[in-house]
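Structure record follows, encoded as structure tokens.
Just so it is clear, the structure is predicted and the values come from calculations on it, not from any experiment. When a ligand or atom number is given, it counts from 1 through the structure's own listing order. If you read the sequence from its start, that first residue is 1, and numbering goes on from there.
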Amino acid sequence: MEIREGTVEIEVPEQESEGVDDAVFFNPVQELNRDLTVATLRAYRDREPRASSYLDAMAASGIRGVRAAADGWEATLCDTDPDAVSLCERNLTRNDLDGETVQRDVNALLHEELYDVVDIDPFGTPIPFADAAFANVRNLVCVTATDTAPLCGAHFDSGVRKYSAIPRNTEYHGEIGMRILLSALARTAARYDVGVTPLCSHATNHYVRTYLELDHRATDANETIEKIGYIHHCEDCLHREHEHGLIAHPPETCPACEGNRVLTAGPIWLGATKESAFVEEVGEHVTDDMGTAETARELTATIAAELDQPTHYDQHRLCRQWGVTAIGMDEFLDRLREAGYEASRTHFGGTTFKTDASAAEIEAAAIDDG
Ligand SMILES: C[S@@+](CC[C@H](N)C(=O)[O-])C[C@H]1O[C@@H](n2cnc3c(N)ncnc32)[C@H](O)[C@@H]1O
Ligand SMILES: [Zn+2]
């Protein structure tokens, strides 16, 4: 079957809907992820014009690498599966593009060749590829994680094993998953004296995606580690405390309601998950030839406007908690701002928001008591 994505035409295998499938992998639903990848690579080239080589580390059909090559990147498409590598070759040829294909375990390849940008898009967790990527890549590591249940605490033991952190299944699970992933990636990078700056990150129920810029000095790695800490979350009143540092000091009782059902998640990333100006530029590099252009522009605009702090609330969840009726989001956010707090929507859901007000302050500022 042939499909068009962006400016390229790609041969992709028919995917069996059920059972074991030997076909080379292709997921049409990830088009938004790939469109944003192309836009991010364009914005990144403006930021770092010396970056020129792009490794599609788990290429499958090669759709990411081919799209990068069509945009002028020196693309290398790697996969362990020989059928995938043949398909990558055909897809480069079909689009009249140069690009290297490699049948190799990408962990071995990364230790042999130096790339400016690597894109890690595995089945499930990216952790088995993180060491090789941060130890060897020059500028930018792009990562998809599709194991959202371990990341957000729904599969607790698996999350602890994979990410060397305690995740917690809260009502802001998408953000917990994103921050647990960032924490594990940042700590991995730090082992190689590499600091990371998240330029853009987004999450859905099905995956987390992040783009990490690298800096190669031990002091950069120290600054990265300083952005790690813990979230103490009260299951009774939904109050949260954010504590920086590598040692957790969980409160015995909730500072807001004195309840004793306080959960601690971490070590977790407490730093910014994006640079707003960069994300705006990503949005400007979304082009009309992209199938998800409208969604991609909306998503980048929402992410760019998001407050840079952990963790978001959901108005509907709070209203259920307080036994009150929800109101329109614009009015709700206006009430918070009129009371002197910062407030923004988030991309985690239509009724989600971030604010510097605590749960109790939100209740006082934005809820009708009558
Ligand atoms: C989720 S698919 C990649 C999808 C693709 N990036 C896209 O956007 O459509 C994961 C691919 O990783 C390959 N793979 C698994 N382990 C690998 C390894 N150690 N090195 C390189 N490729 C690997 C698999 O053969 C599979 O084709
Ligand atoms: Zn409480």
Between Y211 and Y44, ring centroids under 6.0 Å: no

Between [X] and [Y], does any side-chain donor sit less than 3.5 Å from a side-chain acceptor?
X    : Y    : answer
N33  : R64  : yes
T37  : R67  : no
S183 : R187 : yes
E89  : T101 : yes
Y115 : N136 : no
D121 : Y207 : no

Protein contact to [atom] [nearest heavy atom, distance to 0.1 Å]:
atom                    : answer
atom 2 (S) of ligand 1  : F25 CD2, 3.5 Å
atom 3 (C) of ligand 1  : M58 O, 3.1 Å
atom 19 (N) of ligand 1 : D105 OD1, 3.1 Å
atom 27 (O) of ligand 1 : D79 OD2, 2.7 Å
atom 16 (N) of ligand 1 : T80 OG1, 3.9 Å

Show me which atoms of ligand 1 lie under 4.0 Å from any heavy atom of [X].
X    : value
R64  : 6 (N), 7 (C), 8 (O)
A57  : 21 (C), 22 (N)
D121 : 1 (C), 2 (S), 3 (C), 4 (C), 5 (C), 6 (N), 7 (C), 8 (O), 10 (C)
I63  : 7 (C), 8 (O), 9 (O)
A59  : 5 (C)
R104 : 20 (N), 21 (C)

Of the side chain and backbone of A84, name the one, both, or neither that has a heavy atom under 4.0 Å from an atom of ligand 1. neither

Which is it for Q30 and ligand 1 at heavy atoms under 4.0 Å: side chain, backbone, both or neither? neither

Counting only heavy atoms not in R337, do more than 12 sit closer than 6.0 Å to its CZ atom? yes

If the cut-off is 2.8 Å, does any N/O/S atom of H239 fall short of it from the Zn ion (ligand 2)? no

Would you say V106 has any N or O atom under 3.5 Å from an N or O of ligand 1, going by distance alone? yes

Under the side chain to side chain contact (heavy atoms under 4.5 Å, CB included) criterion, do D314 and Y172 qualify, and how do the steps go? CA-CA 8 Å; D314 186 320; Y172 44 100; over 6 Å; no

Does R34 pair with E5 as a salt bridge, N-O distance under 4.0 Å? yes

What angle, to the nearest 10°, do the atoms SG (C257) and SG (C237) form about the Zn ion (ligand 2)? 110°

